[in-house]
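Numbered from 1 within each chain, the chains take letters A, B, ... in sequence-line order.
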Protein chains: 4
Amino acid sequence: MNQSKILKDLISDNLVSDPNGARGRLLKEAARLFRDKGYERTTVRDLAAAVGIQSGSLFHHFRTKEEILKAVMVETIRLNTALMQAAVDAAPTSQEKLRALVRAELESVNGQTGEAMAVLVFEWRSLAEESQADVLELRDIYEKLWLDTLESLRQEGRLLADPFVVRRMLTGALSWTVTWYRPERGGLTLDGLTDQTMAMMGFAAGT
Amino acid sequence: MNQSKILKDLISDNLVSDPNGARGRLLKEAARLFRDKGYERTTVRDLAAAVGIQSGSLFHHFRTKEEILKAVMVETIRLNTALMQAAVDAAPTSQEKLRALVRAELESVNGQTGEAMAVLVFEWRSLAEESQADVLELRDIYEKLWLDTLESLRQEGRLLADPFVVRRMLTGALSWTVTWYRPERGGLTLDGLTDQTMAMMGFAAGT
Amino acid sequence: MNQSKILKDLISDNLVSDPNGARGRLLKEAARLFRDKGYERTTVRDLAAAVGIQSGSLFHHFRTKEEILKAVMVETIRLNTALMQAAVDAAPTSQEKLRALVRAELESVNGQTGEAMAVLVFEWRSLAEESQADVLELRDIYEKLWLDTLESLRQEGRLLADPFVVRRMLTGALSWTVTWYRPERGGLTLDGLTDQTMAMMGFAAGT
Amino acid sequence: MNQSKILKDLISDNLVSDPNGARGRLLKEAARLFRDKGYERTTVRDLAAAVGIQSGSLFHHFRTKEEILKAVMVETIRLNTALMQAAVDAAPTSQEKLRALVRAELESVNGQTGEAMAVLVFEWRSLAEESQADVLELRDIYEKLWLDTLESLRQEGRLLADPFVVRRMLTGALSWTVTWYRPERGGLTLDGLTDQTMAMMGFAAGT
DNA sequence: TATGAATGAGGGTTCATTCAT
DNA sequence: GATGAATGAACCCTCATTCAT
């Protein structure tokens, strides 16, 4: 099942907003602004201007600015959970599953459609505590995919460290790429970056 | 050369503020607040209250709030550069040097004295561009320690990935520990966490 | 002529809106909300929600929010003028006329059907000046009933004070009951409250 | 003890703000604006302009706009309680005590210094519920003066109605004078208005 | 008539910064 | 140095009103 099919299904189930609709367009711009300037530095006027409406009109779609942040995070996590699941399902071995997860997360963080993943990671503190609890529930599903894969590798003797710790390290490492990885300037492709990540963990490409 | 000696030297060279002086105390509290609440969410009144003065009085020590952030970063990086250098110098092999660097950075990020390192990483965006240039210069020295060590390991065949990429991955991974590592709740010690980090990269403890 | 007959006549003359119609229902809810929360604190969304429509739809019935306030006042004053007139006509003596007026006004202010009277008194300031002039004209008819009755009592030597002043004092006193009189909690009935009002003025019950 | 002496004592006890100080001047202007335009229609910018400062500066003295309303009410009630107490103490008979209370309340509501009393009465609903509880406590002292006096008259057989009801009626009647009594246009003086009020209750002047 | 998205002015409040004392 | 009142721009959000559908 390819990416656009996954997205289409989520949209028709109302789990993710249609990127062509008013709400979807706003969330996309919000994700971009939040990633680039940070949640705090992004004003509701910035958000409104980015989709060509007045700031007051925002509040037709969302009750508060924070609700926008939450929506960005919730929809991102839903989309990425579905993408990760598909990636894992399609990979035959544990190592390939891991590679697929790394690759998918790098794409989420750095890709054109996925700037919201960086928001999820770096603006977490700006989310109200009540909202954090809601998002954490969704996050658990997502994290389980990682932990199961890492656990398998551990049992196969191909991973020396604790899967839980490794996952958290990888969260930081992969998210952090958003601050420095610039594929457009030539150099490393996303596949190359994935290879490097695997190599850092001692997995040579193609083994 | 132990840590307190290093600190003392830096203080007497006026490279780092005396933590007992007014300026030093403020920077320490600022680092803590910036790490805990973020730069944007920390008000100058918060900063002033933390050291028991009025907000207006802050501006006798620093011209702007951003100058405080910059000072936190500059002094942090000076201190940590000295600490890292000492750590590297004391380690005989490349792998031990790497372990020392990891351990030192984890301590910087999570330790009692070093909360400022997290600020350096996560509040970078809040620093004015002109200030970023200044800090980056200092950072290069610091980064060189890492790159040299990783390069050696690479040449020894013990590291498969590109040192530059690995360093950036480690920056993210190690900084991110501030969001989840809670030694006080029992469990992993800083040494244990260091071991895990090394293990993730394929370096078994004591090899 | 009883109350419902009076109301029916006013409706068929188009002087008061049918409480079963869209306009009448809205005015009734508006009166309740204006009395309970005040005109300023009542939003058009509140008004719309109270009759189960969207806020935009309100403006098919009234050009502005203030027009709703004016309509509440105008219809209230029309209805109450008719009720007062009937009450006065039915009472044989001046004292009984006064009692009937007091009783009728207390009922208007506190009764189930007449919550709008409190609006007329306490939200006067919110009415635009142009509208005030229109309503004042209607009010004069209403006030004349009071003044004529008080004047008679004065001439009979049963009232020591100036009728004009007494009427204004009674306006305040009777309107103010809306803030404290709670018949549902037991205690004073409307008749009892009427007796008390008369007693305050030196008119013993049944004299 | 005359009025200015009473005021001076309250000021030196910090129960009422000095009308020459920043806080006192603001409260005075706030009372005037709240009475003239209503609390809701008065903006913090109006308040600030009335004392010649910027709106942001208001929040140095008061945390919220509502706190200003509360302060107006609290200080008013403190001042008026002291004035009423003095008025009652100075009057020898129950009837004269009542007259003194009526006269004092009329002066509070309509006098130059006392515009705040009208705010206390007519803006009650705008006060947050928690604040209402605080103010009510103060109000009880004030009301007791009235109730004791009315109770005495009742026992002397000079008042037919229930003191509790009479007090509430008088609250409405006397407060309402603010909406229509215009001494400057000639006609009734405050003493004359007091006489009329007493006469309405069957107390001839000088009896 | 009814909807509901959009408007746009203005609301209360925050906050880094200034400055007379 | 320290204070604290004052600034003024900007913030998030509200709300009466409009209008295409």
Side-chain angles (χ1 to χ4, degrees), chain A residues 21-23 25-26 39-49 51-69, chain B residues 21-23 26 39-49 51-69 126, chain C residues 21-23 26 39-49 51-69 126, chain D residues 21-23 26 39-49 51-69 126:
Chain A
R23 181 184 162 99
R25 278 210 322 281
L26 173 63
Y39 174 79
E40 298 290 345
R41 292 176 106 89
T42 303
T43 70
V44 295
R45 280 173 176 79
D46 291 336
L47 293 170
V51 291
I53 60 175
Q54 295 295 112
S55 70
S57 310
L58 273 188
F59 294 88
H60 250 274
H61 304 283
F62 299 92
R63 266 188 314 242
T64 62
K65 182 186 170 190
E66 195 251 345
E67 196 172 293
I68 298 175
L69 178 61
Chain B
R23 181 186 161 98
L26 173 63
Y39 173 78
E40 296 291 343
R41 292 176 107 89
T42 303
T43 69
V44 297
R45 277 175 175 78
D46 290 336
L47 294 171
V51 292
I53 60 174
Q54 296 294 330
S55 69
S57 309
L58 268 190
F59 293 85
H60 288 281
H61 302 282
F62 298 92
R63 264 190 316 245
T64 63
K65 181 185 171 191
E66 194 252 346
E67 196 174 293
I68 299 175
L69 177 62
S126 295
Chain C
R23 182 186 162 98
L26 173 63
Y39 172 78
E40 296 290 344
R41 292 176 108 87
T42 303
T43 69
V44 298
R45 276 177 174 77
D46 291 335
L47 295 170
V51 292
I53 59 174
Q54 295 294 329
S55 69
S57 309
L58 268 189
F59 293 86
H60 288 281
H61 302 282
F62 298 91
R63 263 188 317 240
T64 64
K65 181 185 171 190
E66 195 251 347
E67 197 174 291
I68 299 175
L69 177 62
S126 296
Chain D
R23 181 185 161 100
L26 174 62
Y39 173 78
E40 296 290 346
R41 292 176 105 89
T42 304
T43 70
V44 295
R45 282 168 179 82
D46 291 335
L47 293 170
V51 291
I53 59 173
Q54 296 294 115
S55 70
S57 309
L58 273 188
F59 294 87
H60 250 273
H61 304 284
F62 300 92
R63 265 188 314 244
T64 62
K65 181 186 171 191
E66 196 252 344
E67 197 174 293
I68 299 176
L69 177 61
S126 296

Participant: Starting at atom CG of Leu47(C), determine the distance to atom P of dC15(F), rounded to an integer number of angstrom.
Facilitator: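 In whole Å, dC15(F) P lies 12 Å from Leu47(C) CG.
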
Participant: Starting at atom CZ of Arg23(D), determine the distance to atom P of dG4(F), rounded to an integer number of angstrom.
Facilitator: 17 Å

Participant: Measure from CD1 on Ile53(D) to C1' on dA9(F) and round the result to the nearest Å.
Facilitator: 16 Å

Participant: Got a minute to check which stems DNA chain E is part of, using Watson-Crick or G-U wobble pairs under 3.5 Å, three or more consecutive?
Facilitator: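 When the pairs of DNA chain E are grouped into runs of at least three, the stems are E:2-21 with F:2-21.
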
Participant: Mind checking side chain to side chain contact (heavy atoms under 4.5 Å, CB included) for Gln54(D) and listing every partner two or more places apart, or none if nothing turns up?
Facilitator: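 Gln54(D) satisfies side chain to side chain contact (heavy atoms under 4.5 Å, CB included) with Ser57(D) only.
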
Participant: Does His61(C) put a side-chain nitrogen or oxygen below 4.0 Å from OP1 or OP2 of dA2(E)?
Facilitator: yes

Participant: Mind checking what makes side chain to side chain contact (heavy atoms under 4.5 Å, CB included) contact with Arg45(B), not counting sequence neighbours?
Facilitator: Thr43(B), Ser55(B), His60(D)

Participant: Can you check nucleotides 16-20 of chain E for protein contacts, nitrogen or oxygen pairs under 3.5 Å, and list what you find?
Facilitator:
from    : atom 1 : to       : atom 2 : distance (Å)
dA16(E) : OP1    : Lys65(B) : NZ     : 3.3
dA16(E) : OP2    : Val44(B) : N      : 2.7
dT17(E) : OP2    : Lys65(B) : N      : 2.6

Participant: With respect to the phosphate group of dG4(F), does any side-chain polar atom (N or O) of Gln54(B) fall under 4.0 Å of OP1 or OP2?
Facilitator: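 Checking dG4(F) against Gln54(B), a side-chain N or O does come within under 4.0 Å of OP1 or OP2.
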
Participant: My understanding is that only residues two or more places apart in sequence, or in another chain, count here; which of them pass side chain to side chain contact (heavy atoms under 4.5 Å, CB included) with Arg41(B)?
Facilitator: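 Checked Arg41(B) against side chain to side chain contact (heavy atoms under 4.5 Å, CB included); matches are Glu40(A), Ser126(A), Lys37(B).
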
Participant: Check Ile68(A) against Leu26(A) and note the closest heavy-atom contact, atom names and distance.
Facilitator: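 Scanning both residues completely, I find the closest heavy atoms to be CD1-CD2, 4.4 Å.
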
Participant: Apply side chain to side chain donor-acceptor pair (under 3.5 Å) to Arg23(D) and list each qualifying residue two or more places apart in sequence or on a separate chain.
Facilitator: Ser17(D)

Participant: What pair of heavy atoms forms the shortest contact from Thr64(B) to Phe59(B), and how long is it?
Facilitator: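 Heavy-atom minimum between the residues: CA-CE2, 4.2 Å.
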
Participant: Taking CG from Asp46(A) and P from dC13(F), how many angstroms apart are they, rounded to a whole number?
Facilitator: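 One finds 14 Å between P of dC13(F) and CG of Asp46(A), rounded.
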
Participant: Can you give me the closest heavy-atom contact between Val44(B) and Leu58(B), atom names plus distance?
Facilitator: O-CD1, 3.5 Å

Participant: CD of Glu67(A) versus P of dC12(F): gap in Å, rounded?
Facilitator: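 Taking CD of Glu67(A) and P of dC12(F), I get 15 Å after rounding.
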
Participant: I want to confirm an ordering. Mapping Arg41(B) and Leu58(A) to their closest nucleotides on DNA chain E, which one lands closer to the 5' end?
Facilitator: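 Whichever sits nearer the 5' end wins; that is Leu58(A).
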
Participant: If the condition is salt bridge (charged side-chain N to carboxylate O under 4.0 Å, His left out), which residues does Glu67(B) pass it with, not counting sequence neighbours?
Facilitator: Arg63(B)

Participant: Nearest whole angstrom, please: distance from the P of dA6(E) to the CG of Leu26(A).
Facilitator: 10 Å

Participant: Can you tell me how far P of dA2(F) sits from CZ of Phe62(B), to the nearest Å?
Facilitator: 12 Å

Participant: Enter the distance from Ile53(D):CD1 to His61(D):NE2 here, rounded to the nearest 0.5 Å.
Facilitator: 5.0 Å

